[in-house]
Amino acid sequence: MTTGAVALVRTLVDAGVEVCFSNPGTSEMHFVAALDTTPGLRGVLCLFEGVATGAADGYARMADKPAAALLHLGCGLGNGLANLHNARKGRVPVLAIVGDHATHHVVHDAQLQSDIETVARNVAPDFVRTSRSPAELCGDAIAAIRAAHGRPGRVATLILPADVSWSEGATAEPPPEITPPPHADDATVAGIAAVITSGRRVALLLGGRALREPGLAAAARIAAASGVRLFAETFPTRLERGAGLPPIERIAYLAELAAVQLRGLDDLILVDAKDPVSFFAYPGKRSRLAPDTCRLHTLATSAEDAVASLEKLARALGAAGATAATVPAARPGLPRGRKLTAEKVCKAVGALMPADAILIDEAISSGLMLSKFTAGAPRHDLLTLTGGAIGQGLPNAVGAAIACPRRPVIALVGDGSAMYTIQALWTAAREKLDITAIVFANAAYAVLNMELSRVGAAEAGPQARAQFDLGRPTLDFARVAEGMGVPASRAATPDDFVRALRHALATPGPHLVEAIVPPALSGAKLRLLPTVLGSLESLPAPLARLLKRKLAP
């Protein structure tokens, strides 16, 4: 037997947990010390808990297994909640280890005492456990890993009192058995096949692991043989895309656009996805995006094997050998002109992005054209803001780069969201990670200016609009990045941006390019239309005309 901390680290390593993103405090000192006495767990220091949790999220998305995030007491967990929320919504496996006061100290209600379990249940409703003794600790850890690693992926929270960590009496536990998920049964597949062959207007909505190449290929064969339409979730956890892969249309963020996409559907089949709803409620508008008459069917839940279920459905439809459409290789030309815009930044990314990149999109309003310009780029993975809590992009890039050290990572973030977790740059520099961060510096929470009109508050005056203005004083991301050890440059013209991006992609280690651009969403709704409509390559002309009528002032 040994101390709880040493046995816990050995248990984690034996279970395949290789990385711990940490922001420790006094209560976690024995766990930190065990990183040296028990090799195999890489400790990655983060200067803010939201970076640690977001990095654990990004790592798990790419590694398909959990990393640990080591946090200090309830306050540290609270600081990391936003990115744990994103992980929960993305069904990403994350193990949050939260240090606590020694059990005998709790009665004194010290300054940092809080109800950690209550805080944790916001993001880990399925597994929150406080380990009560060294003898129980490693068994609790195995239960947490099993909960995080199963289908669907979950955030699991293990609370580690300091005395349980420092006391002897613990024994490392063997790795957990992860039960393979079931796939759709014969009756479900037969029912879905009958819907597809009914002659009604049918679409498949794919999410989760269905958006990897095997799932996309099976769904594309079904579409080729039957004519069903294919959609992806608005904010996929991880979408494999690019030249040679099947095309899929993402449900739009704007409810007005999404309703047009889904207009006329009779049946919507969910594959590791949920019934699409509007991101927010709006006065006088429906929350559900599909037509009221559209019937919902589920081929595979998030607890089931979506890929095996799609392949089984393809066989039932006689589509297993169908030739599926794929995206042809295509690159946009380099942007030209004297002024840099968000659209030109996205165009340059599409033109220059290297093969096998990991593309992280938290560009918010500035990234509307990213999907279009990167559709035919070399194959890549796309990670998106699954839970909507901004501040995910830079930490996700740290985690993804550590999970896939041989792959280039490109993170596109808005200036407002970048400031939530800007400390991730320091970790990227410390770990020498191959990350190119592109910050859209438009000096505004631009998407909120649009939302101000959409919720019916267009009459808001200067004091209200000042709440979305980041220009007084103007942020200088290049200087901030250099202060954290990341080489950086600012670009205000297309030529400057292309030159900076080429250099960043060709030079190992982290780099930041600050793109000085005007807001992509500004002014009246009519000015928004060309950009928004251009972000959906497959939007038919009649539906585009309908959308213009719906959005026009």
Side-chain angles (χ1 to χ4, degrees), residues 58 86 90 232-239 241-242 248-254 257-258 279 332 335 340-353 357-377 380-397 400 409-421 435-451 468 470 477 491 494 497 501 504 512-522 527-537 539:
N86 289 328
E233 291 178 310
T234 304
F235 293 103
T237 302
R238 175 180 169 186
L239 171 61
R241 64 193 301 269
I248 190 164
E249 183 179 341
R250 285 167 60 186
I251 300 292
Y253 164 78
L254 292 176
L257 263 176
F279 212 75
L340 187 62
T341 64
E343 178 178 345
K344 290 178 181 179
V345 170
C346 294
K347 190 175 186 181
V349 171
L352 299 176
M353 185 171 66
I358 300 170
L359 190 62
I360 297 172
D361 179 13
E362 198 190 4
I364 316 295
S365 59
S366 295
L368 283 172
M369 300 297 285
L370 183 65
S371 178
K372 176 180 180 179
F373 288 130
T374 57
H380 58 279
D381 284 278
L382 175 69
L383 312 186
T384 71
L385 187 62
T386 50
I390 63 175
Q392 174 185 302
L394 294 177
N396 259 198
V409 177
I410 303 173
L412 293 91
V413 295
D415 49 5
S417 59
M419 288 303 297
Y420 277 55
T421 48
I435 295 171
T436 299
I438 299 171
V439 177
F440 291 88
N442 57 27
Y445 286 121
V447 71
L448 296 183
N449 279 310
M450 178 191 70
E451 293 287 7
F468 315 135
L470 305 182
F477 284 92
F497 182 80
L501 183 58
L512 181 139
V513 182
E514 183 178 6
I516 311 301
V517 297
L521 302 181
S522 58
R527 291 176 58 194
L528 169 66
L529 281 172
T531 302
V532 174
L533 291 176
S535 69
L536 288 173
E537 306 100 289
L539 193 64

Closest approach of [X] and [Y], non-hydrogen atoms and distance?
| X | Y | value |
| --- | --- | --- |
| A411 | G393 | CB-O, 4.2 Å |
| N442 | D415 | N-OD2, 3.0 Å |
| T374 | H380 | O-CE1, 3.4 Å |
| S417 | I390 | CB-CB, 3.6 Å |
| P518 | T341 | CD-CA, 4.2 Å |
| L394 | A437 | CD2-CB, 3.8 Å |

Gap separating the [atom1] atom of [X] from the [atom2] atom of [Y], nearest 0.5 angstrom:
| X | Y | atom1 | atom2 | answer |
| --- | --- | --- | --- | --- |
| D361 | L239 | CG | CG | 11.0 Å |
| L352 | F497 | CG | CZ | 8.5 Å |
| M369 | K347 | CE | NZ | 9.5 Å |
| R238 | I360 | CZ | CD1 | 11.5 Å |
| L385 | T234 | CG | OG1 | 11.5 Å |
| L382 | F235 | CG | CZ | 11.0 Å |

Within-4.5 Å side-chain heavy-atom neighbours: V513 and V439:
no
Can you confirm whether the side chains of R250 and T384 place a donor and an acceptor under 3.5 Å from each other?
no
Please determine whether side chain to side chain contact (heavy atoms under 4.5 Å, CB included) holds for the pair V413 and I438, giving the CA-CA distance in whole Å, both sets of side-chain angles, and the decisive distance to 0.1 Å.
CA-CA 6 Å; V413 295; I438 299 171; over 6 Å; no
Could you go through Y420 and Q392, starting from their C-alpha distance and side-chain angles, then the distance that decides it, and tell me whether this counts as side chain to side chain contact (heavy atoms under 4.5 Å, CB included)?
CA-CA 9 Å; Y420 277 55; Q392 174 185 302; over 6 Å; no
Full working for side chain to side chain contact (heavy atoms under 4.5 Å, CB included) between I516 and E514:
CA-CA 6 Å; I516 311 301; E514 183 178 6; 3.8 Å; yes
F477 ring center within less than 6.0 Å of F440 ring center
no
Determine, step by step, whether L370 and L359 satisfy the side chain to side chain contact (heavy atoms under 4.5 Å, CB included) criterion, reporting the C-alpha distance in whole Å, the side-chain angles of both residues, the deciding distance to 0.1 Å, and the verdict.
CA-CA 10 Å; L370 183 65; L359 190 62; 4.1 Å; yes
Any donor-acceptor pair under 3.5 Å linking the side chain of T421 with the backbone of G391?
yes
